[in-house]
Amino acid sequence: MKEELTIRVAKPEDAKGLLEIYAPYVEKTAITFEYEVPSEEEFAGRIRHILTKYPYLVLEENGELLGYVYAGTFNERSAYDWAVETTIYIREDQKKRGLGRKMYAALEQVLKKQNITNLNACIGVPEVPDEHLDRNSMDFHHHLGYRLVGEFYQCGYKFDTWYNMVWMEKIIGEHQKKQPAMITFPELLKKDPTPWEA
C-alpha cells in the first residue's frame, strides 16, 4: 500500500490513540515531567481546551496516528498573546522519518496566520544523558531554528534523578509598533479550513 501522510485537526475522539503515543514518554522517559498517564477523559479535555484558541494537529499515515503537535498559552497576560509554547510527540517506532519537521512546519504555517510571532519550547535536558533522557529534543529544536534563551538547573525530579530544563525560542513573525491582533484558531478555520500545506 502506498504511504499517505496527512495532517488534520485533532478531535477529542483522538484521545485514546494519542495517549498510546504519549504514554511511553510518561512511563519511560523524562521528556515529559508528568508522572502519571492521564485518563482518556482528561486528555480529551486537554485537546478541547487547546482548540479554543490554538492549533492541535495530528499526523496520520493511511489513517493511523503517528504523532501530534500543538501550541499552548505561554503566559495568560494579554501582552503575551503573540507568544506560544509548542509541544510535539511522535510515536516511538516512527522517529528518524522527518515527521517532526513536517508537523512543526504545518504548525508554524498556522501560527503565522494567527499573527503569532514567538514560539517557545520547554525542554528537559540531562546534565549527563541517561536511559530516560538525552539531548535529542534540544538538538531537534536547534536544527529547526530555535535558539537557547535560558536554562534552569535541577528543577525537574523524575526516576530518582534531577534534570535541568531549558527554554528555546524561535521568532516567526515581525514585531511591529501597531501589532495586528492575535487570531484564534476557531476564527482562522472559518476563513481557511486547512491553513497549512497538505
Side-chain angles (χ1 to χ4, degrees), residues 5-61 63-77 80 83-95 97 99-100 102-104 106-108 110-111 114 116 119-126 130-138 140-141 146 152 154-168 184-186 189 196:
L5 294 171
T6 57
I7 292 174
R8 63 168 173 81
V9 178
K11 302 173 287 192
E13 298 77 39
D14 292 318
K16 183 177 180 181
L18 297 185
L19 270 173
E20 290 174 4
I21 295 170
Y22 182 58
Y25 288 95
V26 177
E27 295 167 339
K28 300 190 290 187
T29 82
I31 290 172
T32 172
F33 284 167
E34 193 158 20
Y35 277 17
E36 303 291 334
V37 177
S39 68
E40 190 176 328
E41 181 181 359
E42 180 184 348
F43 205 83
R46 294 181 187 183
I47 295 170
R48 285 189 199 92
H49 176 70
I50 290 292
L51 287 172
T52 62
K53 192 171 182 181
Y54 300 109
Y56 197 129
L57 307 176
V58 299
L59 179 72
E60 294 179 314
E61 185 174 45
E64 187 177 358
L65 290 168
L66 302 186
Y68 62 97
V69 65
Y70 62 87
T73 301
F74 176 64
N75 189 294
E76 294 288 348
R77 300 288 170 99
Y80 292 101
V84 297
E85 181 178 350
T86 58
T87 301
I88 186 168
Y89 286 97
I90 300 165
R91 208 172 79 191
E92 282 184 307
D93 63 348
Q94 297 298 316
K95 294 181 178 179
R97 291 184 58 192
L99 303 182
K102 183 179 181 70
M103 285 191 289
Y104 253 162
L107 183 72
E108 283 188 29
V110 178
L111 293 172
Q114 290 184 262
I116 297 298
L119 310 184
N120 301 282
C122 178
I123 301 166
V125 293
D130 61 28
E131 70 270 28
H132 302 296
L133 189 64
D134 55 30
R135 300 177 73 85
N136 284 352
S137 184
M138 188 175 173
F140 167 72
H141 283 82
Y146 285 71
F152 297 82
Q154 298 187 330
C155 63
Y157 181 74
K158 191 173 180 181
F159 304 121
D160 300 325
T161 305
W162 286 101
Y163 294 104
N164 296 356
M165 181 271 285
V166 300
W167 278 105
M168 298 185 75
T184 68
F185 189 54
L189 288 180
W196 61 87

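- Tyr146 is listed as a side-chain neighbour of Leu119, based on a closest heavy-atom distance under 4.5 Å.
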In sequence, state the C-alpha distance, the side-chain angles, and the governing distance for Phe74 and Trp167, and then conclude on ring-ring contact (aromatic ring centres under 6.0 Å, His included).
CA-CA 11 Å; Phe74 176 64; Trp167 278 105; 5.5 Å; yes
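- Atom NE2 of residue His141 and atom CD1 of residue Ile123 lie 4.5 Å apart, to the nearest 0.5 angstrom.
- More than 12 heavy atoms of other residues, nucleotides or ligands shown are found within 6.0 angstrom of CZ on Phe159.
- Looking at Leu107 and Pro55, their side chains come closer than 4.5 Å, going by heavy atoms from C-beta outward.
- With a 4.5 Å cut-off on side-chain heavy atoms, Leu66 and Leu5 count as touching.
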Given Thr32 and Tyr22, is the side-chain hydrogen bond (donor to acceptor under 3.5 Å, both in side chains) satisfied, shown in steps?
CA-CA 9 Å; Thr32 172; Tyr22 182 58; 3.0 Å; yes
Set out, in order, the CA-CA distance, both residues' side-chain angles and the distance that settles side-chain hydrogen bond (donor to acceptor under 3.5 Å, both in side chains) for Tyr163 and His132, then state yes or no.
CA-CA 10 Å; Tyr163 294 104; His132 302 296; 5.3 Å; no
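- When all heavy atoms are compared, the tightest approach of Ile7 to Ala106 is CD1-CB, 3.7 Å.
- For Glu42 and Arg46, the salt-bridge test passes: some basic side-chain N is under 4.0 Å from an acidic carboxylate O.
- Counting heavy atoms from C-beta on, the side chains of Leu57 and Arg8 never come closer than 4.5 Å.
- Asn164 places a side-chain N or O within 3.5 Å of a backbone atom of Gln154 that can act as its donor or acceptor partner.
- Taken to the nearest 0.5 Å, the CD atom of Gln94 stands 11.0 Å off from the CD atom of Glu92.
- The aromatic rings of Tyr25 and Tyr89 sit perpendicular, their planes meeting at an angle over 60°, well past the 30° parallel limit.
- Proximity of a side-chain donor or acceptor of Asn120 to a complementary backbone N or O of Val84 within less than 3.5 Å is detected.
- Using a 4.0 Å cut-off between charged nitrogen and carboxylate oxygen, Lys11 and Glu60 do not count as a salt-bridge pair.
- Atom NZ of Lys102 sits about 11.5 Å away from atom CH2 of Trp196, to the nearest 0.5 Å.
- Under the 4.5 Å side-chain criterion, counting only non-hydrogen atoms from C-beta, Gln114 is in contact with Phe185.
- At least one side-chain heavy atom of Ile47 sits less than 4.5 Å from a side-chain heavy atom of Leu18.
- Residues Tyr104 and Val69 form a side-chain contact, since some pair of their non-hydrogen atoms from C-beta on lies under 4.5 Å apart.
- Annotation: side chain of Ile90 is not in contact with side chain of Ile21 (no heavy-atom distance under 4.5 Å).
- Pro126 and Asp134 make their closest contact through CD-O, 3.4 Å (heavy atoms, listed as atom of the first residue, atom of the second, distance).
- Using a cutoff of 4.0 Å between basic side-chain nitrogens and carboxylate oxygens, Arg97 and Glu61 are scored as salt-bridged.
- Taken from OH in Tyr54 to OG1 in Thr184, the straight-line distance is 10.0 Å, to the nearest 0.5 Å.
- Classification of Arg91 and Glu64 as a salt-bridged pair holds, one side-chain N sitting under 4.0 Å from a carboxylate O.
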